[in-house]
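No hydrogens, no waters, no symmetry mates; every other heavy atom, side chains included, goes into these values. Numbering of ligands and ligand atoms starts at 1, following listing order.
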Amino acid sequence: MTDRTASAPKPQQLSSQMHCIGCGALSRQATQSFRCPTCGDLLEIIYPGWKSTDGIQANLSPLKNLWRQRKTSDLPLDQSGVWRFREVLPELPDSQSVISLREGNTPVYELPGCARRAGMQRLYGKHQGMNPTGSFKDTGMTVAASFARQEGFRWVACASTGNTSASMAAYAARGDMRSLVLIPEGQISWGKLSQALDYGAVTCQLKTDFDGCVQVLNEVVQRMPVYLLNSVNPYRLEGQKTAALELLEQLDWQVPDHVIVPGGNLANSSALGKAFLEMKELGLISRLPRISIIQAEGANPLVRTLREAGGKELVRVRAETMATAIRIGNPASWKKAIRVLQATDGTVEQVSEVEIALAKAEIGADGIGCEPASAVTLAGLKKLLKQGFVRANQTVILILTGHLLKDPEFTLKFHRGDLFSGSAHEKEARSLSEQQRGPVVLEASADAVIRTVEKFST
Ligand code: F0G
């Protein structure tokens with residue numbers, strides 16, 4: 001892919017470094033595990049050159065225009081909603097290595113029905129599920145997979161609750177690399193599994209949970225030349241950062257009051273937070289939104305880490321939730337996420353399975369839809385509103401991370417009314433009946449259909 005962009009003056013892309021979030025050590029290159037060789041903590045990518053006089057900071061005004069202009073360019077690199085922002089991404093020595101499926105460029109939708117029911121004046125969702133493989137993972141994968149290809153890897157690998165595996169398998173296939181997927185047996189949606197298979201991944205269903213798959217994969221990457229594409233890979237977070245830039249561009253650079261994100265392995269909240277902090281550092285925005293993270297009650301390690309351990313050490317949990325994407329008990333990026341919460345004055349909250357199901361149906365009823373893990377954002381917002389942490393007249397953006405069609409079984413069971421049958425939530429779930437729209441089985445006659453329409457017209 002060739003990078004021959006636009007006529008506007010081009011702010012220079014300056015080289016990046018790996019920075020350990022634990023001991024602060026700097027390095028040019030990451031190890032196979034993407035952990036600091038000195039202290040074992042996670043790495044992040046920093047851009048020391050931004051502060052220099054001829055760096056990006058000196059060229060801010062043309063930057064917003066350049067990013068916008070690229071949307072009308074027909075170069076593949078410009079059509080990507082990620083690489084469009086390449087001045088704030090690590091520089092890829094050879095732009096021919098870029099693997100892109102035209103990711104990013106996702107819509108911000110107003111959610112009037114959700115706003116009304118929640119008691120907000122207005123509410124918006126940035127739908128990251130509208131990415132090529134159906135989740136926000138594509139925005140990070142295009143960057144990390146391109147670096148894997150640049151470095152000459154033949155194999156890439158990830159452990160996944162579903163979306164990462166589909167995304168990685170797609171980008172590997174486009175980049176002519178082989179992919180290895182480790183998923184927890186019986187715990188990911190068929191839709192996601194079928195994507196990984198179709199894109200040609202070697203897919204191993206392990207008899208463990210997501211956290212167990214991560215453990216096995218860490219050993220595999222130490223023993224084979226396989227490039228790790230889980231979110232400990234800091235290149236993934238750099239790509240995921242661009243959703244925040246794109247969001248601000250869509251809001252004409254007016255900073256929202258609050259951004260609400262689901263929390264699983266805690267990389268996405270960390271990436272979005274990093275983006276807002278960098279934009280402020282660069283002078284692209286003058287204040288930060290609050291970033292809050294919502295988890296499922298049954299997969300709440302961050303909530304417990306903050307409430308029970310003051311954020312000092314991770315409280316691991318055995319994760320259990322129907323929101324399979326965030327069924328994670330030992331999140332890798334917990335320290336990065338806490339840093340974001342502190343820097344943006346955000347908070348954490350947890351929501352029940354019934355609250356998630358209701359929120360998902362409400363987002364669906366606005367004609368948008370999302371997967372259960374994304375719906376925690378709306379369920380969490382309702383709680384934050386009740387607590388007074390969010391006010392009804394504020395601008396709130398929900399980050400909808402995955403597509404409605406990921407978990408069709410969840411949706412079907414919800415509308416048929418048997419999602420919670422036989423579970424501890426059965427009684428609480430009776431309150432959901434108003435939202436349920438199960439399919440109606442009828443004789444093949446116009447009379448029967450018309451009677452049904454009349455019944456629903458009242
Ligand atoms: N929403 C969706 C749809 C996800 O797929 C995930 C994570 C999250 C939210 C949580 O994001 O981990 O960055 O905090 N999915 C993983 C996967 C881990 O394997 O696809 P996070």
Could you tell me whether Glu313 and Arg304 make a salt bridge, using a distance below 4.0 angstrom between a side-chain N and a carboxylate O?
no
For Ile328, take its heavy atoms, then give the atoms of ligand 1 lying under 4.0 Å from any of them.
18 (C)
Starting from atom 7 (C) of ligand 1, locate the nearest protein heavy atom and write down its residue, its atom name and how far away it is, to 0.1 Å.
Lys137 NZ, 3.0 Å
List ligand 1 atoms under 4.0 Å from Ile326, heavy atoms only on the residue side.
8 (C), 9 (C), 10 (C)
Atom 12 (O) of ligand 1 sits nearest the protein heavy atom Asn265 N, 2.7 Å
If the threshold is 4.0 Å, N to carboxylate O, is there a salt bridge linking Lys192 and Glu371?
no
Quick check: does Asn163 get an N/O under 3.5 Å from an N/O on ligand 1?
yes
To the nearest 0.1 Å, how far is atom 4 (C) of ligand 1 from its closest protein heavy atom, and which atom is that?
Ala325 CB, 3.4 Å
Taking both backbone and side-chain atoms of Gly263, is any N or O found less than 3.5 Å from an N or O belonging to ligand 1?
no
Can you find a pair of side-chain heavy atoms, one from Leu43 and one from Cys36, that are under 4.5 Å apart?
yes
Any carboxylate oxygen within less than 4.0 angstrom of a Lys/Arg side-chain nitrogen, looking at Lys241 and Glu278?
yes
Numbered atoms of ligand 1 (with element) below 4.0 Å of Ala267, judged on heavy atoms
13 (O), 14 (O), 21 (P)
His127 vs His403 aromatic rings, parallel, tilted or perpendicular, using cut-offs 30° and 60°?
tilted
Protein residue, atom and distance nearest to atom 13 (O) of ligand 1, heavy-atom basis:
Asn268 N, 2.8 Å
Heavy atoms only: which of Thr401, Asp407, Ile294 is nearest to atom 9 (C) of ligand 1?
Thr401
Give me the nearest non-hydrogen protein atom to atom 11 (O) of ligand 1 as residue plus atom name, then the distance to 0.1 Å.
Phe136 CZ, 3.5 Å
If I apply the N/O under 3.5 Å rule, does Glu371 come out as touching ligand 1?
no
Are Gln128 and Asn268 close enough that a side-chain donor and a side-chain acceptor fall under 3.5 Å?
no
Answer yes or no: is there an ion pair linking Glu355 with Lys383, defined by an N-O contact shorter than 4.0 Å?
yes
With the threshold set at under 4.0 angstrom, would you say Asn230 reaches ligand 1 through any of its heavy atoms?
no
Taking the six-membered ring of Phe389, is NZ or CZ of Arg290 closer than 6.0 Å to its centre and within 45° of its axis?
yes
Side-chain donor-acceptor contact under 3.5 Å, Glu87 with Tyr47
no
Geometry only, no angles: is Lys406 polar-contacting ligand 1 at N/O separations under 3.5 Å?
no
Do NZ/NE/NH1/NH2 and the carboxylate oxygens of Glu249 and Arg70 come within less than 4.0 Å?
no
Ion pair present between Asp211 and Arg327, side-chain N to carboxylate O less than 4.0 angstrom?
no
Any nitrogen or oxygen of Ser165 lying under 3.5 Å from a nitrogen or oxygen in ligand 1? Just yes or no.
no
Polar contacts were defined as any N/O atom of the residue lying under 3.5 Å from an N/O atom of the ligand; does this apply to Ser135 and ligand 1?
no
Heavy-atom proximity to atom 17 (C) of ligand 1 ranks first, among Leu266, Thr164, Ile399, for Thr164
Are any of the N/O atoms in Gln240 less than 3.5 Å from those in ligand 1?
no
Hey, does Gly264 come in under 3.5 Å of ligand 1, counting only N/O atoms on both sides?
yes
Is it the side chain (CB and beyond), the backbone, both or neither of Val261 that lies under 4.0 Å from ligand 1, heavy atoms counted?
neither
Side-chain donor-acceptor pair under 3.5 Å between Ser431 and Glu428, yes or no?
no
Using a strict cut-off of 4.0 Å, indicate which atoms of ligand 1 neighbour a heavy atom of Ser160.
17 (C), 19 (O), 20 (O)
State whether a side-chain donor-acceptor pair under 3.5 Å links Thr347 with Ser292.
no
